[in-house]
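Order of listing sets the numbers, starting from 1, for every ligand and every atom in it.
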Amino acid sequence: MADEPLVLGIETSCDETGVGVVRGTTLLADAVASSVDEHARFGGVVPEVASRAHLEAMVPTVQRALDQAGVTAADLDGIAVTAGPGLAGALLVGVSAAKAYAYALGKPLYGVNHLASHICVSQLEHGRLPEPTMALLVSGGHSSLLLTEDITSDVRPLGATIDDAAGEAFDKVARVLGLGFPGGPVVDRMAREGDPEAIRFPRGLTGPRDPEYDFSFSGLKTAVARWVEQKRRAGEDVPVADVAASFQEAVTDVLTRKAVKACRANGVDHLMIGGGVAANSRLRAMAEERCERAGIRLRVPRPGLCTDNGAMVAALGAEMVRRGRDASALDLSADSSLPVTEVSVPDPHGAVHAHAHHSLGGGA
Ligand code: KG4
Ligand code: ZN
């Protein structure tokens with residue numbers, strides 16, 4: 001294990017300043033400073049507020065992660081950072097910090113994809129990712145099915161949401177029900193007291209002519225809002241728990257159905273679920289049930305690793321070093337719409353290899 005690469009990962013794509021330290025597939029530290037409370041009164045993340053909070057939190061969070069891991073910056077084999085996708089200003093803070101650390105310490109820099117990091121984090125809990133693995137990524141910003149042939153170089157999008165992300169739908173429905181922000185955890189909690197079959201909400205894009213692996217949650221959100229509105233207008237009480245449970249059932253039904261279908265159609269027998277919505281208790285239970293029935297092995301990281309964090313970035317960075325993948329240039333820029341197919345941002349001027357590392361193969 002001492003031979004496995006030691007990597008620090010920085011994540012600032014949204015409202016969490018995450019810094020993780022990983023050795024190979026072992027999590028050594030996961031420090032997170034969140035600005036979520038500063039956004040709550042706006043009902044969503046305010047980019048400018050997020051950027052400023054990242055700037056303030058960066059150095060102390062890096063220090064905290066190194067302390068937690070019991071290593072010094074000089075021990076590191078590389079610095080990994082989320083290069084995109086995400087909020088441009090927020091990403092910029094992380095990328096600038098990572099470049100400064102890499103330059104000052106003389107360590108290779110790895111600009112990596114946020115979505116691939118969400119997949120790779122599963123290694124910290126369940127060991128090396130089987131390849132291929134199907135990944136269902138569900139968060140406040142994305143809902144995608146990704147066929148992962150090689151976590152460091154080959155991630156293929158099969159489908160994604162055409163409107164709202166799954167987490168966004170949770171947040172909007174929570175607002176309609178007056179439950180606060182972020183909506184996912186509180187809807188999850190309320191739903192436990194409710195009947196998931198009380199109301200039959202629509203299952204988006206599940207018709208015979210619909211794209212098989214794309215998602216749509218905007219119609220569902222509107223259906224919930226309309227249903228609640230009608231009750232209120234009629235002067236009736238809104239059965240909040242039943243609405244929450246029925247809405248959650250509609251989301252998880254579609255997500256798991258399409259994920260299992262994608263596995264079957266592609267002959268993939270491993271599914272991982274990541275992103276903030278993977279913390280949802282009903283999604284976890286339903287996925288377990290349906291995967292078991294389909295003979296698919298399921299990996300869902302614990303909730304703390306599903307939401308945005310630096311450890312996931314470090315996990316992917318460590319895998320890049322281990323496999324001798326090219327490092328990024330020191331003039332790496334953040335790309336708010338980095339496509340998921342770009343797992344990392346290699347140096348455009350030529351290969352910079354993970355020279356620091358001596359042991360593990362992969363061609364370094
Ligand atoms: O991955 P994440 O932390 O940040 C993004 O990249 O968006 O995901 C945050 C999203 C929010 O929309 C939040 O409401 C949702 O994940 N979420 C949940 C749960 N916990 C967080 N959604 C459903 N059930 C949960 N238990
Ligand atoms: Zn995320």
Side-chain angles (χ1 to χ4, degrees), residues 9-18 20 30 32-36 39-40 43-45 47 50 81-87 90-91 94 112-122 135-144 146 160-161 164-177 179-192 194 196 215 217 220-221 224 244-245 247-256 272-287 300-313 315-316 336 338 340:
I10 297 177
E11 152 64 37
T12 62
S13 69
C14 192
D15 60 342
E16 329 267 359
T17 312
D30 182 18
V32 179
S34 177
S35 62
V36 68
H39 306 289
V45 174
V81 62
T82 303
L87 301 170
L91 288 168
V112 300
N113 190 298
H114 180 80
L115 302 179
S117 304
H118 267 303
I119 302 174
C120 198
V121 76
S122 122
L136 171 65
L137 272 197
V138 275
S139 75
H142 21 83
S143 305
S144 318
L146 304 166
T161 182
D164 293 348
E168 212 177 335
F170 271 93
D171 294 335
K172 286 177 177 170
V173 163
R175 197 184 316 169
V176 165
L177 294 173
L179 297 176
F181 174 85
V186 46
V187 168
D188 193 346
R189 225 176 310 119
M190 289 297 305
R192 275 172 217 166
F215 302 103
F217 297 109
L220 169 61
K221 165 201 72 188
V224 173
F247 157 75
Q248 180 173 275
E249 197 69 7
V251 174
T252 53
D253 177 26
V254 176
L255 289 176
T256 53
M272 81 80 54
I273 309 183
V277 181
N280 185 266
S281 60
R282 182 63 184 133
L283 177 60
R284 298 170 86 99
M286 197 187 277
V300 193
R302 66 182 138 84
L305 292 178
C306 285
T307 51
D308 290 349
N309 63 81
M312 68 186 199
V313 178
L316 181 51
S336 62
L338 187 69
V340 64

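- Using modelled atom types, one side-chain atom of Asp171 and one backbone atom of Gly183 make a donor-acceptor pair closer than 3.5 Å.
- A side-chain donor-acceptor contact under 3.5 Å links Thr12 to the backbone of Ala90.
- For the Zn ion (ligand 2), the nearest N, O or S atom contributed by Asp308 is named OD1.
- Considering every non-hydrogen atom in both Gly180 and Ala174, the closest pair reads O-CB, 3.6 Å.
- Scanning the protein heavy atoms around atom 21 (C) of ligand 1, the nearest turns out to be Gly276 O, 3.4 Å.
- Checked for salt-bridge contact, Arg192 and Asp188 meet the test: a charged N lies under 4.0 Å from a carboxylate O.
- Any N or O atom pair closer than 3.5 Å counts here, and Gly184 shares at least one such pair with ligand 1.
- Note on ring orientation: taking the six-membered ring where Trp is involved, the planes of His118 and His114 are perpendicular (angle over 60°, cut-offs 30° and 60°).
- Taken from CG in Leu146 to CG in Leu115, the straight-line distance is 6.5 Å, to the nearest 0.5 Å.
- Taking only nitrogen or oxygen atoms, main chain and side chain alike, Ser281 does not reach within less than 3.5 Å of ligand 1.
- From the protein, the heavy atom lying nearest to atom 10 (C) of ligand 1 is Gly140 N, 3.4 Å.
- For the atom pair CD (Glu11) and CG (Asn309), the distance works out to 7.5 Å, reported to the nearest 0.5 Å.
- Considering backbone and side-chain atoms together, Phe170 places no N or O closer than 3.5 Å to any N or O of ligand 1.
- Centred on the Zn ion (ligand 2), the NE2 atom of His118 and the NE2 atom of His114 lie at an angle of 90°, reported to 10°.
- Distances from ligand 1 to the non-hydrogen atoms of Pro185 include at least one value under 4.0 Å.
- Of all atoms in ligand 1, listed by their number and element, those nearer than 4.0 Å to a heavy atom of Gly141 are 7 (O).
- The shortest N or O to N or O distance between Thr307 and ligand 1 is not below 3.5 Å.
- Within ligand 1, the atoms closer than 4.0 Å to a non-hydrogen atom of Gly167 are 12 (O), numbered from 1 in the order shown.
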Open item on the list: One pair to check against ring pair (Phe, Tyr, Trp, His ring centres under 6.0 Å): Phe247 and Phe170. What are the steps and the verdict?
Closed with: CA-CA 9 Å; Phe247 157 75; Phe170 271 93; 5.0 Å; yes
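- How far CG of Leu91 is from OG1 of Thr82: 7.0 Å, rounded to the nearest 0.5 Å.
- Given atom 4 (O) of ligand 1, the protein heavy atom at minimum distance is Asp308 OD2, 3.4 Å.
- Atoms of ligand 1 found under 4.0 Å from any heavy atom of Gly183 (numbered from 1 in listed order, with element): 14 (O).
- Here Asp171 has side-chain heavy atoms under 4.0 Å from ligand 1, and that is the only part of it that gets that close.
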